[in-house]
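Taking it in order: structure first as structure tokens, then the write-up.
Residues: numbered from 1 along the sequence shown. For clarity, every value in this text was computed on a predicted model and none was experimentally measured. Atoms considered below: every heavy atom in the structure, side chains included; atoms not considered: hydrogens, waters and symmetry mates.
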Amino acid sequence: MTPHRRCPAYGGNLSGVFCSLDELTTALEEWIKLWNENARPFKWTKTADQIIDRICRYCARISGPGH
């Protein structure tokens, strides 16, 4: 299984190579436990219109030739 990369926005580090689903599950559960000990609310930094515009640009880009 491929590793998850560092998640600085969430204050955690979930990295490594997981050889089994059990190892990955354990790592995720430990990360969630640590996160919940010092949780903070999610704060949107973009408006809904900005997010939708970005998605539309992405969809237009990947639906063209070569994809």
Side-chain angles (χ1 to χ4, degrees):
M1 297 186 171
T2 58
H4 286 245
R5 59 185 186 274
R6 184 173 169 82
C7 302
Y10 298 108
N13 188 7
L14 182 61
S15 62
V17 176
F18 305 102
C19 298
S20 72
L21 185 56
D22 287 340
E23 286 181 15
L24 175 59
T25 301
T26 299
L28 285 169
E29 288 171 347
E30 289 175 7
W31 183 87
I32 291 167
K33 181 182 172 196
L34 289 172
W35 169 258
N36 285 336
E37 288 175 1
N38 195 19
R40 55 194 180 277
F42 180 81
K43 181 180 176 185
W44 289 100
T45 58
K46 304 277 185 188
T47 66
D49 288 336
Q50 289 172 316
I51 294 168
I52 292 169
D53 288 344
R54 178 93 184 241
I55 292 169
C56 289
R57 287 193 313 270
Y58 176 73
C59 289
R61 192 177 80 230
I62 65 168
S63 63
H67 281 87

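- In this structure, CG in Leu28 is found 15.0 Å from NZ in Lys33, a value given to the nearest 0.5 Å.
- Once rounded to the nearest 0.5 Å, the distance linking CD1 of Ile51 with OG1 of Thr45 reads 7.5 Å.
- How far CD1 of Ile52 is from CZ of Arg57: 12.0 Å, rounded to the nearest 0.5 Å.
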For this session: Take Glu30 and Trp35, measure what side-chain contact (heavy atoms from CB on, under 4.5 Å) needs, and give me the verdict at the end.
Result: CA-CA 9 Å; Glu30 289 175 7; Trp35 169 258; over 6 Å; no

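- Taking the side chain as every heavy atom from C-beta outward, Asp53 and Gln50 never approach each other to under 4.5 Å.
- Ring geometry for Trp44 versus Phe42: interplanar angle over 60°, hence perpendicular rather than tilted (30 to 60°).
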